[in-house]
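All heavy atoms count here, side chains included; hydrogens, waters and symmetry mates do not. Residue numbers start from 1 in every chain, and the chains themselves are labelled A, B, ... in the order their sequence lines are given, proteins ahead of strands.
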Amino acid sequence: MPELPDVENKKQYLDATSLHKDIRRAEVKDDSVLEVAPQTLKKHLESQSFEDTARTGKYLFAAVDAKWLVLHFGMTGGLSYAEDSGSIPDHTRVLFHFEDGGRLAYTCQRMLGSIDMTDHPEQFIDQHDLGDDALQVNLDTFRDILNSKRGMIKTALMDQSTIAGIGNIYSDEMLYQSHIHPKTKINDLDEDQVKGLHGHMQRILNTAISNQADPEEMPDSYLIMHRQEGASCPNGDGTVKRIEVSGRGCYICPDCQQKQ
DNA sequence: CGATCTGTTAGTAG
DNA sequence: ACTACTAACAGATC
């Protein structure tokens, strides 16, 4: 569940469960998610502790020693804390064992997540060409960013170098609520539509965060629980349709989202 | 068996 | 330089 709201939730989860605890051991179960050597990870983590966290887009950073641990969750990554260090969730790739007997598991079913280390989040963001975090982008910046790009609006919203944090699900939600067809060219958007998109982006992301990014807890008016060909539009008489945009399955209500 | 899935990146082509 | 499209990564589900 790894778009911005999911990752923000994982940040809060890490803060609540694992901050300031001595890390006795970093146990690598599967090094294929590691962007650094297992020894490097161990060297910087063991006998240290997570002292602070930060998030940009879909990346979670945890300050440790003089470095920052970088967690990315791919499509299926997660964090799971337990008091009992002996229990190991399915698909655990790395375990952080704490002095008090608890442990934090980094899980990833499909191996699309990654664990890295960096001197500083800003350096990592530069190196990976990440745009500003979606919740930090004000309307003026949003307008400027869009004006600097061409192509389809959905593609731009999902491009992490444009704005960081929005993926397939939430770009669909923003476009649905803004009544904009995903294939609309950026140049064809008028000022009201840009303003609407920005407002919906902020509101949807904040709503999702306060609902633990759980689709079932989202308002009934949202598209998120109706992502199925033939489902009925929660706000009208339309029927949800699946189209393909940028190689991703994209759900729209053709009644609400007229093509320009 | 084939299609699908909340992501990213490398390669190719225009 | 920017944009569009594809494949690849890997595993589970329908």
A:Met75 atom CE is separated from B:dT9 atom P, nearest whole Å, by 13 Å

Looking at A:Val194, A:Ile252, A:Leu197, A:Asp188, which hits side-chain contact (heavy atoms from CB on, under 4.5 Å) with A:Ile180? A:Leu197

If the P atom of B:dT8 is compared with that of C:dA1, how far apart are they to the nearest Å? 23 Å

Given B:dT8, C:dA12, C:dT3, identify the nucleotide with an atom nearest to the side chain of A:Gln160. B:dT8

If you pin A:Ser148 and A:Gly247 to their nearest nucleotides in DNA chain C, which one's is more 5'? A:Ser148

From CD1 of A:Ile163 over to P of B:dT8, roughly how many Å is that when rounded to an integer? 14 Å

In whole angstrom, give the distance that lies between atom CZ of A:Arg227 and atom C1' of B:dT6. 8 Å

Rounded distance in Å between the C1' positions of C:dA4 and B:dT6: 22 Å

Measuring centre to centre across the rings, with the benzene-like ring taken for any Trp, is A:His120 within less than 6.0 Å of A:Phe124? no

Of the candidates B:dT6, B:dT9, C:dC9, the side chain of A:Tyr59 sits closest to B:dT9

A:Leu130 CG to B:dG7 C1', in whole Å, measures 13 Å

Which listed nucleotide (C:dT3, B:dT4, B:dG7) is nearest to the side chain of A:Asn168? B:dG7

Nearest of C:dC2, B:dT6, B:dT8 to any side-chain atom of A:His72? B:dT8

So does A:Lys149 get a side-chain nitrogen or oxygen closer than 4.0 Å to the phosphate oxygens (OP1/OP2) of C:dT3? yes

Measure from CG on A:Asp30 to C1' on C:dC9 and round the result to the nearest Å. 13 Å

Counting side-chain heavy atoms from CB outward, which of B:dT8, C:dA12, C:dC9 is closest to A:Arg248? B:dT8

Of the listed B:dT4, B:dT6, B:dT8, the closest approach to the A:Lys58 side chain comes from B:dT8

Among side-chain atoms of A:Ser246 and A:Thr155, is any donor-acceptor pair under 3.5 angstrom? yes

Rounded to whole Å, please give me the gap between OH in A:Tyr222 and P in B:dT6. 19 Å

Verify the ring-centre separation between A:Phe50 and A:Phe96: is it less than 6.0 angstrom? yes

Counting N and O atoms only, with roles assigned by atom type, does the side chain of A:Asp190 sit under 3.5 Å from a partner on the main chain of A:Gln193, one being a donor and the other an acceptor? yes

Pairing partner of C:dA4, by Watson-Crick or G-U wobble and under 3.5 Å for both distances, is B:dT12

Rounded distance (Å) that lies between atom C1' of C:dT3 and atom CD1 of A:Ile153: 15 Å

Please report, rounded to the nearest Å, how far the C1' atom of C:dT13 is from the CG atom of A:Asp90. 15 Å

Identify which nucleotide among B:dT9, C:dG11, B:dG7 has an atom closest to any side-chain atom of A:His91, counting heavy atoms from C-beta outward. C:dG11

Among the candidates B:dT9, B:dG7, C:dA12, find the nucleotide nearest to the side-chain atoms of A:Gln109. C:dA12

Would you say A:Tyr251 reaches B:dT4's phosphate, i.e. side-chain N/O to OP1/OP2 under 4.0 Å? no

I'd like to know if A:Arg93 and A:Asp31 make a salt bridge, using a cut-off of under 4.0 Å between side-chain N and carboxylate O. no

